[in-house]
Number of protein chains: 2
Amino acid sequence: MKTLSIKDIAVQANVSITTVSFIINGKAKEKSISEAVIEKVEKIIEESGYKPNQIARSLRTGNSNIIGLIIEDISNSFFSRIARLIEDKAYKRGYKIIYSSTENSVEKAKELINMFKSRKVDAYIISPIKGIEEDINMLLTDNKPVILFDRNLPDVDTNYVGADHFNASYQSIESFIKQGKKNIALVTTDIDVQQITERYEGYKKALEDNGIAYSDDLVVKVHFNQEEAETISQIKTLLESKKIDAVLFATNYLAISGLKVLKQINKKIGDDFAVIAYDDHEAFELHTPSISTVQQPLEEIAETVIKLILSQLSSKTKLENQQVIIPAKLIIRN
Amino acid sequence: MKTLSIKDIAVQANVSITTVSFIINGKAKEKSISEAVIEKVEKIIEESGYKPNQIARSLRTGNSNIIGLIIEDISNSFFSRIARLIEDKAYKRGYKIIYSSTENSVEKAKELINMFKSRKVDAYIISPIKGIEEDINMLLTDNKPVILFDRNLPDVDTNYVGADHFNASYQSIESFIKQGKKNIALVTTDIDVQQITERYEGYKKALEDNGIAYSDDLVVKVHFNQEEAETISQIKTLLESKKIDAVLFATNYLAISGLKVLKQINKKIGDDFAVIAYDDHEAFELHTPSISTVQQPLEEIAETVIKLILSQLSSKTKLENQQVIIPAKLIIRN
DNA sequence: GAGTTAACGTAAAACGTTTTACTAAATTCA
DNA sequence: TGAATTTAGTAAAACGTTTTACGTTAACTC
């Protein structure tokens, strides 16, 4: 069964292809097509189930109603939840999302950008990594809207939406200090992205402002792509060897590894040992005792990202770039 | 900066568009293009960074090197993990994935199929819901490869890959019985999809085979799209009112709600109360005590799905449909 | 040295739309 | 009434590829 084309509709309705096209695209009035013809054509379209070929459409118009979403890893719950929200909101506005994961590989990220480019996606939502600045700048000179989220790139002049990582981290540490903690550790990763460094800076600043000396010994930076076993052993070394009374985990998967360590070495969270995890996770509320956490405002981030995209897509002129920093929320559980 | 087209390359190389196209598509030898020309053209392509317009390509060839993935909800960790695996494997074979979530809505599922159709995706991977049988059958008459996974549709004659839900459920219940449990509850959902009914059937059969009477009182079917609060209250009613010594949760999110209930009512998992959750989740290993679980073979499912797709895409003739059932693994933790 | 074949390549149609520029008839205007 | 305008619609180019069918030469065969 050959799929229908606009031509088939035109022939059946005994009008020109142009007329059908105008009707499909809601330009019938403006192009003064008579009510009678409009109805006839619409009826035929309805009955035949004709759907325009989007590929042909894209080729002609140069756009696709598709937004490309590039994230680190869809199986990470932070990203999958935000992807779902973005997808949802975009969908309601008539846009579809194509997503792909970079796995923190510069090459894969570049390839993805190229793929999206040759598919003529209308706009890009990217949680970026260092090393793709040039590629992003090319998109910008192409006049494609680009929204970075979660992480910013200093050398790229575009829109950014993210949580206030510095303050969230700062407040977490302050809350430890208010509880009387003195030996506060940080477990973070060595990927060189802004949101991670901000969390680190917040940690340092909070210590400093409260007159506690910073010590390299209390900070573990696990290597990004390593096996979990390795991460666990690093964290174990930290927790076993030092007289630590509080730990901030800079990502949720680090916290999960950390909790596994605590279980192994049978160290209990309680009055003399506190934990906060960055990025919430279902496991944290359920844990006994419940784990305090920094919740990123997923809903607001998704909403802001989509709003920025849409305003750019609908505006003829280049809009001013925006940097939207949304406060994160420290949830103290116990 | 206008993006380059094949024509620009042809002009620069002083050859015809056809020649450039042959070279790009590796048909140069076959079409007897001289080595000198090949080299010249390739050099120009390399230096200019020219990338073929995939849209034009798709329009002409009718395919896209894109596989459509339709799942229930990307933010559910079962789906996001499998999506990641499928994406990965497809990517290595030169295919891209477009995914979208149906949220268990028949309309949205139909819309997605239509969208994918008008984007000319080469093949479909679908975790289906009842009500889209016809739409899928249309794809099949269009000769598009369709692989169902996780859930099967009895009225659709195509490929299916999934875990052995019946046996997994059966074994779970048997393991309870071996531990001496007598009052075994099942918490499941009311969506009418095969894998859920199979889990239910496995539960019933295991009881029967072991001479335990089935009782409707011990089965809770929560309504699919309801608020979690409602689910929690239903489960609470079950666990508080009955003398239950074991529970099988038919999905991981039900188990998570269940664990919240246990925490609330302060019921402990231990010698006289056992729990098994279907589909693993990070929270389960971490939980105190750890939660036993039925692990679906994600890796094998993803691999099988991709293999089936690729063999269909590369075969000229219609292949025999395959139903691949992969055993799930019961992980007893404590 | 005429006929074949191989080597090297190209022109042009086709994919299914959108959109620009146009026409013919009907209506309005002064 | 004749010119101007409006109404109702269309022909054809363009988007960037792939692919079919077709040229030229030059070399080979006998």
Side-chain angles (χ1 to χ4, degrees), chain A residues 2-42 45 48-66 114-115 117-122 142, chain B residues 2-42 45 48-66 114-115 117-122 142:
Chain A
K2 207 63 204 66
T3 67
L4 293 168
S5 81
I6 194 171
K7 193 173 166 188
D8 300 314
I9 305 298
V11 168
Q12 240 189 89
N14 203 23
V15 297
S16 74
I17 290 179
T18 311
T19 301
V20 178
S21 174
F22 286 154
I23 293 172
I24 290 171
N25 293 290
K27 297 189 182 163
K29 292 271 143 64
E30 169 191 341
K31 298 289 178 178
S32 57
I33 307 294
S34 71
E35 203 50 55
V37 171
I38 295 180
E39 269 177 31
K40 177 171 63 173
V41 171
E42 278 177 344
I45 289 177
S48 64
Y50 163 73
K51 294 271 186 301
N53 178 323
Q54 299 296 336
I55 300 272
R57 218 175 221 186
S58 288
L59 178 60
R60 174 59 229 227
T61 64
N63 52 43
S64 58
N65 273 2
I66 291 184
N114 271 327
M115 160 196 164
K117 216 152 103 182
S118 61
R119 300 263 167 223
K120 303 290 175 210
V121 308
D122 293 351
D142 258 17
Chain B
K2 206 63 202 67
T3 66
L4 293 168
S5 82
I6 195 172
K7 194 173 167 189
D8 300 312
I9 304 297
V11 168
Q12 240 188 91
N14 204 22
V15 298
S16 75
I17 289 180
T18 310
T19 302
V20 177
S21 174
F22 285 154
I23 293 172
I24 291 171
N25 294 292
K27 297 188 181 162
K29 292 268 144 64
E30 170 190 340
K31 299 289 178 174
S32 57
I33 308 293
S34 70
E35 203 50 57
V37 170
I38 296 180
E39 269 176 30
K40 178 170 64 172
V41 170
E42 278 178 344
I45 289 178
S48 64
Y50 162 73
K51 295 272 186 302
N53 178 324
Q54 299 295 337
I55 300 273
R57 219 175 221 186
S58 289
L59 178 60
R60 174 60 228 229
T61 63
N63 53 42
S64 58
N65 273 3
I66 291 184
N114 271 328
M115 160 195 163
K117 215 152 108 182
S118 60
R119 301 261 167 224
K120 304 289 176 207
V121 308
D122 294 351
D142 258 16

Item to complete: For the residue pair B/Ile6 and B/Pro52, establish whether any side-chain heavy-atom pair is separated by less than 4.5 Å.
Response: no
Taking five pairs at each terminus, the helix from C/dG1-D/dC30 to C/dA30-D/dT1 shows an axis bend, to 10°, of 50°
Which atom pairs, one a donor and one an acceptor, fall under 3.5 Å between side chains of residues 18-33 of chain A and the rest of the protein, sequence neighbours left out?
unit_1, atom_1, unit_2, atom_2, d
A/Thr19, OG1, A/Ser16, OG, 3.1
A/Ser21, OG, A/Asn25, ND2, 3.4
A/Asn25, OD1, A/Arg57, NH2, 3.4
A/Asn25, ND2, A/Ser21, O, 2.8

Side-chain heavy atoms of B/Asn53 within contact of A/Lys120, under 4.5 Å | yes
With B for base contact, S for sugar-phosphate-only contact and - for none (protein heavy atoms under 4.0 Å), nucleotides 13-21 of chain D reads BBBBBBBB-
Applying side-chain contact (heavy atoms from CB on, under 4.5 Å) to A/Ser118 and not counting sequence neighbours gives B/Gln54
Next on the checklist: Quick one, B/Thr3 and B/Tyr50 - any side-chain contact, counting heavy atoms below 4.5 Å?
Outcome noted: no
Residues at least two apart in sequence or cross-chain that pass side chain to side chain donor-acceptor pair (under 3.5 Å) with B/Ser58, listed by chain then number, are none
CD (B/Gln12) and NZ (B/Lys40) are apart, to the nearest 0.5 Å, by 10.5 Å
When rounded to whole Å, the NZ to P distance for the pair A/Lys29 and D/dT7 reads 13 Å
To the nearest angstrom, the CD-P distance between A/Glu35 and D/dG9 comes to 11 Å
**Message:** Is the phosphate of C/dT10 approached by B/Thr19 (side-chain N or O, under 4.0 Å from OP1 or OP2)?
**Reply:** yes
Applying side-chain contact (heavy atoms from CB on, under 4.5 Å) to A/Thr61 and not counting sequence neighbours gives A/Asn63
Any donor-acceptor pair under 3.5 Å joining the side chain of B/Ser32 to the base of C/dA7? no
